[in-house]
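Every chain is numbered from 1 and lettered A, B, ... according to where its sequence line falls, protein lines coming before strand lines.
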Amino acid sequence: MDYKQQVGVQSHVEQMGSVEDRSMDDLDDECLHSPGTDARKTQASDSNRQIPFSDKKLPLSDGFPIVGNKMTRNRIYRSIKTVVFSNKLNLLMPFGPLAILVHKLTASNGWVFFLSLLGITPLAERLGYATEQLAFFTGPTVGGLLNATFGNATELIISIYALKSGMIRVVQLSLLGSILSNMLLVLGCAFFCGGLVYHRKEQVFNKATAVVNSGLLLMAVMGLLFPAVLHYTHTERRVGKSELSLSRYSSCIMLVAYAAYLFFQLRSQNDHYSPINEEGSPHGDNSDNDEDEAPEISKWESMIWLTILTAWISILSDYLVDTIQGASEAWDLSIAFISVILLPIIGNAAEHASAIMFSMKDKLDISLGVAIGSSTQISMFGIPFCVVIGWIMGQEMDLNFQLFETATLFITVIVVAFFLQEGTSNYFKGLMLILCYLIVAASFFVHEDPTSTDQKKQPQT
Amino acid sequence: MKMDKVDYKGQIGVQSHVEMGPLDRAMDDLDDDCLYSSEMDAQKTQPILSNQRFLFSVLPVGGYKMTRNGVYKSIKTVVFSNKLNLLMPFGPLAIMVHKMSYSNGWVFFLSLLGITPLAERLGYATEQLAFYTGPTVGGLLNATFGNATELIISIYALKSGMTRVVQLSLLGSILSNMLLVLGCAFFCGGLVHYGKEQVFSKATAVVNSGLLLMAVMGLLFPAVLHYTHTERQVGKSELALSRFSSCIMLLAYAAYLVFQLKSQDDNYVPVVEEGSHNGEDEDDDEAPEISKWESIIWLAIMTAWISILSDYLVDTIEGASVAWNVPIAFISVILLPIIGNAAEHASAIMFAMKDKLDISLGVAIGSSTQISMFGIPFCVVIGWMMGREMDLNFQLFETATLFITVIVVAFFLQEGTSNYFKGLMLILCYLIVSASFFVHEDPSATGQSKLPKT
């Protein structure tokens, strides 16, 4: 990024003035997620930057920047600029505090919900960015683990807050919606746009990884299906308890499976499997890449920003979860529709745009990693993790997503697994996936969730 | 579908129209030929056609001997040149029986037999018309009118308010095409080409399987929504969702046609219903056998005849069910499609035995895709316009049947090869399905009364 090159050269006073004007123009071509190639462009500037940074590393690597040194303040400003001001999406950031303001001033739940949702979107993207930056410093293994775990940190944080409030149904629906939107909408848009751009030829992607992910998704469906069928056929040994114990046991199994999957991915990085990386940078795949990509903020900065962003997301999630019921009444939409369709679409906007952008650059493997990898992560890690957290909290979160949602997930996974198994993509497949998503969205629009209407919010623990 | 009877046709052009006698010869000549002609036959008739075309460039309204000649020749070409057309008299016979007696069972059976040759001729006329309209519109014609018979029957049933019969007959058509026709084609082809495995274009098979899965998805949601009693507005939500999904499915089908037509140059072999390669070199070899106006006229005549017989068919289906002591579900799902699709069935088997498995696949799976992604949503939209509450909720049993069948067939197709064992498995699956429907009493059909025709 040209902007970043100039950061290292000019003094910090000039930079403050030129930030807003220049960032807009420079960023027009840039994507919302910084891909590996962008970092490569900054390689030339790295040598410039590394000199000032290496000086500062000594005082800062040990402690927090408490000293009022001009250079330290310089550093903080630069950090803020790099992280906060360098992305077009961050225009939405003021919506966060605005949501809190509106909440305190009015009782309009609908507005608070909408504004906090808008406010979370850029934070989610920045969180991913900070995670990716931190991954540079921790080496490929831990970096991969970081990406794999924190890739969907936003959804997990929202879910944990919802669990605390006892809104188990919202947790289930929002996680389900995240899976559905990633598998159908994001993937469909990526295939469609990429297919339109590459009109003549068929784009190919790594069939092996797609098949492994499809297998994991099917296993997740299996884990979700048994509690639901058990409940629905009224064949539990002990009504009410069996289902919960089965869910908890299955969650542990699914977490073990996910751990094995990570282990398998990291071990076979030298082989022909290209690891599915959430944030769009093929980490560790090719050792040359590691040298080309350079981190843009230091290790401690990454961790501090990670903490700050997580805290911010937590605050906004709190408001989000509080007002979801009010928003549902205000907009006359079912809670199911808001949780399953609206929440994931807006929350995932950045990932969505990045997947489309990568497919238009004919890097379909990365798009697939963003879309299907995210789905796999939520279904095999996010959902079981929430069950376990609920177990710890004493909330009765189980894997019984009710028959309608489970059937939806089942048919969707089968359709997507079928589409992926060929290893090629074209605009027609993308269009079909998008149309399938429209059918799913329409179904949830007319779907009244029987359990969520009488679910009351428990006092926060 | 093309007319065969090469030798017979050779004689038409040469002899005068008075010699109708050689129909006996037609029997012997027809023994070796298939019911659907292949491209080879058309090549042999090429020299004669230039004469005919010259005669047929105008509507035969004048009283000239040559125009009457043209009409007779046309009738001969269309009506008398197919063994299946022996069944044609059954149509008028059905109407006679209906007027004379009250035997619903017989009227149903006879009209069904009467429709079968008309369906085949309709396909033939469509195919002939496709020659004159160019590959694009021709492909569209084949894609839309390929299952015109089922659509006409369905529209009549809709008018009578028998939405359940519509759903069941369309479902039965899909099931019979996917399992029975495909299974027989694989089986017979596999037996004939015993040593090797027959291959077909995997790409088209996969695209079609994907479309079938999407259709299942479209059908699944209203059914599950209804069955779990989770609609926002009971009764209305499901209908609204069905109508919205139908529009989406029609859109997907239109995109599929666009995609097919655009990638004709690429490696995709377009899935054509009637078995003639659309728009490739063979256009030069295939020549139409009747003129453009003749095709349109015959199309109209066939459609009218099929409509009349469909009316009787739909009227008497309940009576037939009572007379034969067989549930309506079984008649609609199993009997109606098997007999109605007899011609397509035979053609698919014939092409498989000639090792042209792609055409068989086009007939079988292409037909299923067409009905599921075009026929069913089209009927929902037509019902919407008519004010009938036709929706995509096919009830749980039927939806589950379609779901498992599509998965099984998609799985079988994805390998791209076929052998007699796969064919046998598909046929046996169909036997299981038909047995299930034999013992299945449809809860909603017994309480459905026929509305006065609007």
### Query
Quick one: which of A:Leu438, A:Ile439, A:Leu435 gives a side chain to side chain contact (heavy atoms under 4.5 Å, CB included) with B:Ser245?
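For B:Ser245, the side chain to side chain contact (heavy atoms under 4.5 Å, CB included) test succeeds with only one of A:Leu438, A:Ile439, A:Leu435, which is A:Ile439.
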### Message
Does the plane of the ring in B:Phe403 sit parallel, tilted or perpendicular to the ring in A:Phe410? Use 30° and 60° as the thresholds.
### Response
perpendicular
### Heavy-atom contact with chain B under 4.5 Å, split by part of A:Leu431
side chain
### Task
Please look at A:Phe419 and chain B and tell me whether the side chain, the backbone, both or neither of the residue comes under 4.5 angstrom of a heavy atom of that chain.
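Side chain of A:Phe419 only, per the 4.5 Å heavy-atom cut-off to chain B.
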Contacting region of [X] [heavy-atom separation from chain A under 4.5 Å]:
| X | value |
| --- | --- |
| B:Ile248 | both |
| B:Glu238 | neither |
| B:Leu211 | both |
| B:Phe221 | both |
| B:Leu241 | side chain |

### Task
With rounding to the nearest 0.5 Å, note down the distance linking CD in B:Glu231 to CD in A:Glu448.
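Between B:Glu231 CD and A:Glu448 CD, I get 11.0 Å after rounding to 0.5 Å.
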### Message
Let me confirm one number: the CD1-CG distance from A:Ile414 to B:Leu213, rounded to the nearest 0.5 Å.
### Response
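Rounded to the nearest 0.5 Å, the CD1-CG separation comes out at 7.5 Å.
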### Query
Can you find a heavy atom in the side chain of A:Ser443 that is under 4.5 Å from one in the side chain of B:Leu225?
no
### Query
Any side-chain heavy-atom pair from A:Phe445 and B:Phe244 closer than 4.5 angstrom?
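Counting from C-beta outward, A:Phe445 and B:Phe244 never come under 4.5 Å.
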Please check if the number of heavy atoms outside [X] that lie under 6.0 Å from its [atom1] is greater than 12.
| X | atom1 | answer |
| --- | --- | --- |
| A:Phe114 | CZ | no |
| B:Phe378 | CZ | no |
| A:Glu236 | CD | yes |
| A:Tyr232 | OH | yes |

### Minimum-distance pair of heavy atoms, taken over all atoms of A:Phe418 and B:Ala410
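Looking at all heavy atoms of both residues, the shortest contact is CE1-CB, 3.9 Å.
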#### Entry: Atom of A:Met432, atom of B:Gly210 and distance for their closest heavy-atom approach
CE-C, 4.1 Å
### Message
Please determine whether side-chain contact (heavy atoms from CB on, under 4.5 Å) holds for the pair B:Gln233 and A:Val446, giving the CA-CA distance in whole Å, both sets of side-chain angles, and the decisive distance to 0.1 Å.
### Response
CA-CA 8 Å; B:Gln233 295 165 301; A:Val446 295; over 6 Å; no
### Query
In terms of heavy-atom pairs under 4.5 Å with chain A, which of B:His229, B:Gln414, B:Lys236, B:Met217 leads?
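Most heavy-atom pairs within the cutoff with chain A belong to B:Met217.
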### Task
Would you mind telling me which of B:Ala240, B:Ser209, B:Gly218, B:Pro222 has the largest number of heavy-atom pairs within less than 4.5 Å of chain A?
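Winner by heavy-atom pair count: B:Ser209.
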#### Entry: Where at least one partner belongs to residues 400-409 of chain A, residue pairs that pass salt bridge (Lys or Arg N to Asp or Glu O under 4.0 Å), sequence neighbours excluded
A:Arg169-A:Glu405
